[in-house]
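Labels below follow one simple rule: chain letters A, B, ... track the order of the sequence lines, proteins then strands, and each chain is numbered from 1.
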Protein chains: 2
Amino acid sequence: MGNCSDDVLNLDSLRKSLVREEDTIIFSLIERAKYPVNSPLYDERPGFSGSLFEFFVKESEAVQAKAGRYLSVEENAFFPDNLPPSLLPPRGSQQVLHPRGASININEQILNMYHKKLLPLITSDGDDGNYAITADRDLDCLQALSRRIHLGKFVAEIKFRESPQDYTRAILAQDKDALMKLLTFESVEEMIKKRVEKKAMVFGQDVDLSENDNVGNYKVNPSVVSRLYGEWVIPLTKFVEVEYLLCRLD
Amino acid sequence: MGNCSDDVLNLDSLRKSLVREEDTIIFSLIERAKYPVNSPLYDERPGFSGSLFEFFVKESEAVQAKAGRYLSVEENAFFPDNLPPSLLPPRGSQQVLHPRGASININEQILNMYHKKLLPLITSDGDDGNYAITADRDLDCLQALSRRIHLGKFVAEIKFRESPQDYTRAILAQDKDALMKLLTFESVEEMIKKRVEKKAMVFGQDVDLSENDNVGNYKVNPSVVSRLYGEWVIPLTKFVEVEYLLCRLD
């Protein structure tokens, strides 16, 4: 799986990571959907600087930073300011990305999409009081989505190396539309949307020992997963790719 | 799902929680199996009081404690000593369990089983350096297993209330064998083992858009999941049930 930075830069292994990450994202959505929306988790709270959700994510990221999570160029924090240093030494992996592009972090957009668009589509109304575990499930979803979307940096680097002339022209002109066109393959995007919908059906069904599958009773609506990819995951990944390429020659 | 303490005590909702928890456990195992064993994570480290794994779990549980995770009687910490207090008020749910039995915590045994037995069966050899995310996946597996196994307290309470006379006789005699016999239904256990094996096949397959399923290529060996339940999850749950009943009349 995704240890792209260690594999020099291998398109086949990157594709495998992107496909495998679909399963991770869908599992995490199913696990979040186990709980109702639990909206008090996201309300501003007296005594906290923000919501319990924000407190939980910041404190969890601090623990993970100490354990070295953000030494990996594939990982991006949601609250990267004031993270404590890693207690482990740097990993010394090869720097395959262009240094400026490597630091792109669009987690603020991902967080916004998650709260405003995705969460209402996958959760039921209600409040069961299980805020800590709900926040933990949120963080799992967010980290999986963030990892998938920021892998766009590696996709962009590979595509640049495959056709440096085409990309260089568009980069020198800082032409976002031309870059977006070079990066877009509609038939591939349609295939991804169909595949994640199918995965949501397979992973979200109620499995019992009867012969017949329990068709139609899914823990997360498969069409929501297809929409998640079509409207947010794929466009945000391409946004990362374009941002990366725009500074690729700096 | 499992908010048993709020539903007075409802056998049907408890059964649903136990079945739903199977999916959570299998997803967590599949996600852990994405990474190799990463054994340096578990080695004692100079400068840490223990391993990086232990550091990570203790610090994560401290964050979760502050966010109120252990206010729920369904949640048991792996390192319960010196946890910080919850920043949220107590939940005021009904105390449906007998107070002494409610505090049973066999997470030390679960941790031991996880490291010595389960982890070698679900991970490949190797070290990819992704220790923080690996520890995070470990904690997910452990918390799911712990929740399932400690739900035995609720199972025991329900069974006691269904047949108080039979259980009272065995409890007064402190007869563990008689209690174990009252609690054991081999045909149900066999059905659970078959169901989790089937779930591991469904959730752990590679899903693509071809017509045929990719039979035989599973992310976690389904027979390992069946064995996990048969050798550890079911026996440990029954161990919790017996321990709970032994002090039920105190």
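With rounding to the nearest 0.5 Å, the separation of CG in B:L111 from CG in B:L118 is 11.5 Å. Rounded to the nearest 0.5 angstrom, B:N38 CG and B:T123 OG1 are separated by 8.5 Å.
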Verdict with supporting geometry, A:I110 and A:H150, side-chain contact (heavy atoms from CB on, under 4.5 Å): CA-CA 10 Å; A:I110 295 171; A:H150 288 99; 3.9 Å; yes

Under the side-chain contact (heavy atoms from CB on, under 4.5 Å) rule, what do A:L228 and A:L29 come out as? Steps first, then yes or no, please. CA-CA 11 Å; A:L228 163 67; A:L29 298 177; 3.7 Å; yes

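With respect to chain A, the highest number of heavy-atom pairs below 4.5 Å among B:Q143, B:K194, B:K66 belongs to B:K66. Top candidate by heavy-atom pairs under 4.5 Å with chain A, chosen from B:R69, B:R45, B:E31, is B:E31. Most heavy-atom pairs under 4.5 Å with chain A: of the set B:D23, B:V19, B:L41, B:D140, this distinction falls to B:D140.
Ring geometry for A:F27 versus A:F203: interplanar angle of 30 to 60°, hence tilted.
Residues A:L14 and A:V155 meet the side-chain proximity criterion, which asks for heavy atoms closer than 4.5 Å.
Legend: residues meeting side chain to side chain donor-acceptor pair (under 3.5 Å) with A:D43, ordered by chain and number and at least two apart, are absent.
B:R32 places a side-chain N or O within 3.5 Å of a backbone atom of B:P36 that can act as its donor or acceptor partner.
Scanning residues 52-62 of chain A against chain B with a 4.5 Å heavy-atom cutoff picks out A:L52, A:F55, A:F56, A:E59, A:S60, ordered by number.
For B:E75, the part lying near chain A is the side chain, with the backbone staying farther off; criterion is any non-hydrogen pair under 4.5 Å. Neither the backbone nor the side chain of B:I26 comes within contact range of chain A; no heavy atom of the residue lies under 4.5 Å from a heavy atom of that chain.
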